[in-house]
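What you see is a predicted model, and the numbers here were worked out from it, not measured in a lab. Per chain, numbering begins at 1; letters A, B, ... match sequence-line order.
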There are 2 protein chains.
Amino acid sequence: MSDTKQKLLDGTVETLRTKGIAGTSARAIATAAGVNQALVFYHFGSVDQLIDAACRDGAGSRVDEYHERFSKVASLRELLELGRALHTEESARGNVAVMAQVLAGAQQDEALAPAGRHALSLWITEIETVLARLLVRSPVAEAIDVPGLARAVSAAFVGLELYDGVDDRGADQAFAALEQFAVLIEVAEDLGPVARRALRSRLRKARSKP
Amino acid sequence: MSDTKQKLLDGTVETLRTKGIAGTSARAIATAAGVNQALVFYHFGSVDQLIDAACRDGAGSRVDEYHERFSKVASLRELLELGRALHTEESARGNVAVMAQVLAGAQQDEALAPAGRHALSLWITEIETVLARLLVRSPVAEAIDVPGLARAVSAAFVGLELYDGVDDRGADQAFAALEQFAVLIEVAEDLGPVARRALRSRLRKARSKP
DNA sequence: GTCTATAGAGGGATAGAC
DNA sequence: GTCTATCCCTCTATAGAC
């Protein structure tokens with residue numbers, strides 16, 4: 001990867017973070033990257049294609065970076081704690097914010113949708129793996145579709161990022177409530193055999209008549 | 001409220017929905033509203049101020065509209081069902097999508113932040129009221145901060161809206177998982193006195209050493 | 001209140017020199 | 001690969017006629 005191409009990729013992430021999808025133009029990106037504006041089109045064809053590439057590059061390297069920490073998570077509470085840490089760390093570096101901007105742009109711009117979908121899918125896969133590992137043989141996993149839950153958690157994370165941008169105290173409160181939630185599930189995980197059997201039968205009943 | 005002002009408010013919502021925050025210009029709004037572009041500035045001063053007004057107007061009337069249905073919700077499962085119905089109905093009319101676009105824009109544009117915060121706060125208040133009513137005297141309410149949970153739910157809803165825009169099948173899966181989740185909590189709500197006492201003591205222990 | 005016209009900035013994209 | 005220069009478009013905002 002040539003130096004200029006990487007500068008443009010990094011400059012795009014930077015611009016999306018600081019100016020949002022509405023302010024991300026070829027000129028703004030080139031300024032952030034410290035290169036000539038015409039190089040956006042020479043190397044990537046169009047602004048949309050550059051955003052696509054930058055989104056994939058950024059999300060890929062960031063997920064790789066967090067992979068080890070995900071793999072060490074041993075409980076739902078720890079997963080929520082990692083989520084909160086990730087939220088804090090990434091607010092500064094801005095990868096979740098970038099994904100939120102691309103997703104917002106992708107609602108109307110078909111060219112951005114694949115990148116947004118792909119970036120989010122990387123996080124979903126990571127979270128799905130952890131959840132599957134944590135919930136194996138638990139009554140919770142019997143009741144809940146884990147891939148679906150991973151998608152809900154990932155989407156919620158993006159929403160919390162946007163909420164944090166307009167009300168950081170409210171977002172803190174939301175994160176705190178979710179951590180209390182994790183405790184609740186862990187308690188359910190750890191029920192004695194009698195309660196567990198009762199829970200299972202209740203869940204079966206609820207699922208058979210949805 | 002003059003006819004033109006209302007046309008501009010409606011046109012702004014329409015434009016945010018169909019073109020996103022990046023494509024919402026005075027000209028685009030005026031075209032959608034069927035009025036002259038200069039009237040944006042005559043009536044509202046600037047595009048940002050018009051978006052602010054439109055966001056408040058749209059969210060206010062939509063929350064009013066759903067208020068009765070929220071007040072009739074009798075269980076968490078019904079709340080999730082209403083959430084899913086709301087998501088489906090609003091995908092067409094676009095108020096949640098509009099809020100997502102304003103929140104995305106508000107990350108960088110200080111002028112949009114109050115409107116995004118306000119619109120979301122209306123939904124949060126509604127959900128908080130329902131949750132407080134549903135969880136009164138339940139072991140769940142003892143463990144979880146209800147205002148925080150309402151914020152998490154509302155933010156998650158915005159994230160799911162964005163996710164739906166790039167992967168509607170994945171979003172469906174996420175909603176389904178959350179509905180299964182509600183069943184799980186209802187089961188916990190409905191434990192016998194012995195299990196309930198055990199749950200409480202576990203929660204107390206978990207909270208005392210967080 | 002509503003219109004036309006326009007200033008002045010910024011946008012995507014390309015041609016062509018180096 | 002990189003640069004300047006440029007075309008043509010859209011943008012916000014305002015001035016001024018009606």
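A salt bridge is absent between A:E179 and A:R77: the closest approach of a Lys/Arg side-chain nitrogen to an acidic carboxylate oxygen does not fall below 4.0 angstrom. Taking the charged nitrogens against the carboxylate oxygens, B:R62 and B:E126 have no contact shorter than 4.0 Å, which rules out a salt bridge. Ion pairing between a basic and an acidic side chain is recognised when a charged N comes within 4.0 Å of a carboxylate O; B:E68 and B:K72 show such pairing. Between A:K7 and A:E14, no side-chain nitrogen of the basic residue sits less than 4.0 Å from a carboxylate oxygen of the acidic one, so the salt-bridge criterion is not met. For the pair B:E128 and B:R151, the salt-bridge criterion is met [side-chain N within less than 4.0 Å of a carboxylate O].
In this structure, B:D109 atom CG and D:dT12 atom P are separated by 12 Å, rounded to whole Å. Nucleotide D:dC3 holds its P atom 11 Å from the CG atom of A:L8, rounded to whole Å. Between A:Q49 atom CD and C:dG12 atom P there is a gap of 14 Å when expressed in whole angstrom units. The nearest whole Å value for the distance from the CD1 atom in B:I51 to the P atom in D:dT12 is 9 Å. Put simply, CZ on B:F44 is 17 Å from C1' on D:dT12, counting in whole angstrom units. D:dC3 atom P lies 12 Å from atom OH of A:Y42, rounded to whole Å. The CG-P distance, from B:D48 to D:dT12, rounds to 10 Å in whole Å. Per the geometry, CD belonging to A:Q37 stands 9 Å off C1' belonging to C:dG11, to the nearest Å.
Across D:dT2, D:dA13, C:dT2, the shortest atom-to-atom separation from the side chain of B:V47 is found for D:dA13. Closest to the side chain of A:H43, out of C:dT2, D:dT2, D:dA13, is D:dT2. Taking the side chain of A:F41 as heavy atoms from C-beta on, and the options D:dT14, C:dG12, D:dT2, the nearest nucleotide is C:dG12.
Here A:V40 lies out of heavy-atom contact (under 4.0 Å) with every strand.
The phosphate of D:dT12 has neither OP1 nor OP2 within less than 4.0 Å of any side-chain N or O from B:S46. In this model, the phosphate group of C:dG1 is not approached by any side-chain N or O of B:T4 to a distance below 4.0 Å at OP1 or OP2.
Contacts between residues 15-36 of chain A and DNA chain C, defined by a heavy-atom separation below 4.0 Å, involve A:S25, A:A26, A:R27, listed by number.
The two residues A:R117 and B:D167 come nearest to each other via the heavy atoms CD-CB, 4.1 Å.
Checked against the 6.0 Å centroid threshold, B:F181 and A:F181 count as a close aromatic pair.
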